[in-house]
Amino acid sequence: MKHEIGLKGMCLRAAEDGDGRTLEGVAVPYGQIIDTWDGAETFDHDCRFDDIESAKLCYQHGELIGRITGAESRDDGLHITARISDTQRGRDVVELLRDGALDSLSVGFIPLENEMDKAGITHRKRVRLLETSVVSWPAYESAKITGQRDMEKTTNNRNESEDPKVDKELEEMLNGIRDEQRSMKAAIAKGSAPEHKTVGGEYRTAGDYLQALYRGDEAAVQLMHECRDLIATGNTGNTSTWIADDLRLIEMRRKVINILTHDTLPAKGMTMEYNVVSTDTTDVAKQATEGNALQFGKVTFGTKSVSIDTYGGYTTMSRQVIERSTTPMLNTALAALRNAYAKATETAVRNYLYETIASQRDATQNANKIDAPATLAAMTIDQWATLIMNAAELADDRNVNLTRLGVSKDVMASLIALKDSGSRFFDLSGDGSDTIGNFDLTGIAGKFLRLPVQMLPKAPNGTACFIDPESVTVWESGGPTQLSDGDPTKLTENYSVYGYMAVAATNVDGLIPVKFPKG
């Protein structure tokens with residue numbers, strides 16, 4: 001399925017031959033969120049664009065008017081350079097751009113790799129770029145025009161002899177002044193602007209970092225301490241690529257942790273306290289008459305504690321391997337440790353979440369659960385729709401968010417088996433959707449009646465729970481590879497990956513489990 005997005009942000013500049021048909025602009029902005037028919041989406045900074053070299057330049061996603069001559073991914077988005085062909089439509093577009101009637105770009109693409117976060121926002125990770133269009137109305141209205149310069153007219157528009165000589169001399173003088181201003185600003189910025197150090201920028205790869213740790217590099221040891229909270233905050237904006245990639249790969253392997261609230265641990269202690277709301281009698285009502293007292297209510301807080309556990313492992317490498325091997329070999333060893341860490345912490349959080357859901361569902365006096373009207377196998381599409389409406393009403397009463405439905409594999413299989421007149425309700429391609437829902441079998445996530453659905457890997461059969469991310473919090477602190485004590489007699493060094501983590505239900509009302517009757 002082809003997707004289209006648009007934004008403002010381009011300029012038209014005179015080419016070497018003075019015809020003004022070279023176009024520059026931001027084709028895809030990074031980090032901005034828009035609503036589409038398929039829900040909210042955003043392009044991540046590390047999004048890959050396939051087939052840029054064969055993408056076309058079009059007008060209003062229809063008529064071909066030129067070609068893409070260059071593309072570059074920058075901090076704010078994908079910048080493109082394009083050449084408008086000397087056709088009638090191309091000349092019309094040039095005039096509309098010059099007059100300011102057109103100032104927007106839009107792209108047509110096919111999504112290849114996506115991720116959905118806990119807020120239900122689809123993150124584009126890899127797309128096939130089909131075309132970039134000059135359009136009247138973009139999807140990203142907040143994007144600004146990058147700039148525009150006066151153009152020399154071609155013989156297709158106006159003869160050069162019609163331009164007064166004084167106008168050309170004035171334009172040249174103004175351009176000279178602008179160049180001087182830019183040079184002065186650059187010189188001032190270079191001398192006075194503070195330098196922003198990129199965390200981990202001293203090393204090209206994790207293997208280079210490991211070798212530096214072995215040498216006792218002061219910067220490498222300092223980096224160990226600087227990065228310990230990155231795994232919880234997810235803030236990799238000022239880190240080197242290898243750190244961002246390592247954390248991203250850990251995140252990709254932790255599908256359940258990603259849908260919950262993530263926070264940093266205190267600096268000290270192996271237990272921590274957190275606050276929960278014990279009672280809430282607050283109320284807001286219309287003031288009876290001017291001067292009368294407003295409604296009074298009170299919030300009381302309770303304190304709970306949770307233990308902080310250590311998760312980690314280590315491996316031993318010979319000094320010869322560390323000193324003389326190529327960094328890819330070291331990167332492979334570190335990747336194995338990283339993957340093992342991701343699996344161990346993900347498993348711990350899954351076990352806690354599944355046990356908490358089961359305890360809420362099976363409690364004899366828990367008004368927060370929803371009883372299904374039929375067994376799982378007998379549930380119809382209409383009964384599921386009513387169930388979701390009941391959950392939405394209960395969530396509203398509890399003042400929590402109906403963010404997504406988490407289900408075990410057997411419940412997911414029951415959902416995707418729902419049919420109407422022989423046709424399956426779910427589109428299973430992972431790329432498209434129909435009026436009922438879609439599900440990506442490899443990404444184990446999708447949508448059902450516009451509600452995000454997440455399969456909970458290895459959850460007990462019959463598990464179905466509406467989950468507010470604030471219901472469970474994961475506190476974590478960890479960093480890149482750590483250097484442990486080695487054995488000098490065997491010329492070996494030990495390297496470990498470890499972190500500290502605690503998990504607790506911070507707002508249990510945000511878990512609304514479904515209880516199916518026994519068949």
Side-chain angles (χ1 to χ4, degrees), residues 35-40 116-122 255-256 259-260 353-354 356-358 360-363 366-421 423-428 430 432-441 443-456 459-472 507-519:
D35 288 321
T36 70
W37 287 109
D38 294 328
M116 184 178 289
D117 63 20
K118 62 185 179 183
I121 299 171
T122 298
K255 294 180 172 62
V256 172
I259 67 175
L260 305 174
L353 178 65
Y354 301 166
T356 305
I357 291 173
Q360 292 290 303
R361 180 194 63 207
D362 300 333
N366 175 30
N368 216 39
K369 67 182 177 183
I370 293 181
D371 290 316
T375 63
L376 176 61
M379 286 286 289
T380 66
I381 186 67
D382 291 336
Q383 289 173 323
W384 273 110
T386 302
L387 191 71
I388 292 174
M389 287 189 290
N390 291 340
E393 190 174 51
L394 183 57
D396 180 73
D397 183 59
R398 295 284 190 247
N399 198 26
V400 296
N401 293 319
L402 199 70
T403 303
R404 64 173 27 84
L405 174 63
V407 298
S408 53
K409 186 168 70 173
D410 65 316
V411 177
M412 192 65 244
S414 180
L415 286 176
I416 64 178
L418 290 170
K419 292 184 175 68
D420 180 30
S421 301
S423 298
R424 191 186 295 272
F425 278 118
F426 269 72
D427 170 58
L428 301 181
S433 66
D434 57 16
T435 56
I436 300 301
N438 65 84
F439 193 76
D440 183 348
L441 297 175
I444 64 172
K447 286 187 177 179
F448 178 48
L449 298 174
R450 293 287 179 181
L451 177 69
V453 180
Q454 175 98 25
M455 196 181 89
L456 303 175
N461 282 349
T463 298
C465 183
F466 297 93
I467 301 174
D468 182 337
E470 301 295 332
S471 61
V472 175
N507 183 9
V508 76
D509 283 349
L511 295 175
I512 305 178
V514 178
K515 187 166 186 177
F516 298 100
K518 295 182 179 180

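The figures that follow rest on heavy atoms only: side chains count, while hydrogens, waters and symmetry mates do not. The residues of the chain are indexed from 1 along the displayed sequence.
- Listed by chain and residue number, D410 satisfy the side-chain hydrogen bond (donor to acceptor under 3.5 Å, both in side chains) test with S408 (two or more places apart in sequence, or in another chain).
- By the 4.5 Å heavy-atom criterion applied to side chains, F448 and L418 are counted as neighbours.
- Annotation: the span from L394 atom CG to I512 atom CD1 amounts to 4.5 Å, rounded to 0.5 Å.
- No option in V453, T122, I121 other than T122 meets the side-chain contact (heavy atoms from CB on, under 4.5 Å) test with M116.
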For T403 and I259: C-alpha separation, side-chain torsions, deciding distance, then whether side-chain contact (heavy atoms from CB on, under 4.5 Å) applies.
CA-CA 9 Å; T403 303; I259 67 175; over 6 Å; no
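- The two residues R404 and G120 have their closest heavy-atom pair at NH2-N, 4.1 Å.
- For the atom pair CE (M412) and CD (Q454), the distance works out to 10.5 Å, reported to the nearest 0.5 Å.
- Here the closest non-hydrogen pair linking L387 and A372 is CD1-CA, 4.3 Å.
- In terms of heavy-atom proximity, L451 sits nearest to L402 at CD1-O, 3.8 Å.
- Note that CD of E393 is 9.5 Å distant from CD1 of I370, once rounded to the nearest 0.5 Å.
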What donor-acceptor contacts under 3.5 angstrom involve side-chain atoms of residues 459-470, with partners at least two apart or in another chain?
| from | atom 1 | to | atom 2 | distance (Å) |
| --- | --- | --- | --- | --- |
| T463 | OG1 | P460 | O | 2.6 |
| D468 | OD1 | E470 | N | 2.9 |
| D468 | OD2 | N401 | N | 2.9 |

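- For D117, the side-chain hydrogen bond (donor to acceptor under 3.5 Å, both in side chains) partners are H123, not counting sequence neighbours.
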Tabulate below the donor-acceptor pairs under 3.5 Å that side-chain atoms of residues 375-384 make, not counting sequence neighbours, or state none.
| from | atom 1 | to | atom 2 | distance (Å) |
| --- | --- | --- | --- | --- |
| T375 | OG1 | A378 | N | 3.4 |
| T380 | OG1 | Q383 | N | 3.2 |
| T380 | OG1 | Q383 | OE1 | 3.4 |
| Q383 | OE1 | T380 | N | 3.0 |

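- Applying the side-chain contact (heavy atoms from CB on, under 4.5 Å) test to D509 and every residue at least two apart in sequence or in another chain returns N368, R398, V400, N507.
- Every side-chain contact (heavy atoms from CB on, under 4.5 Å) that D371 has, sequence neighbours left out, goes to K369, K515.
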Could you please spell out the steps behind the side-chain contact (heavy atoms from CB on, under 4.5 Å) verdict for V472 and L511?
CA-CA 9 Å; V472 175; L511 295 175; 4.3 Å; yes
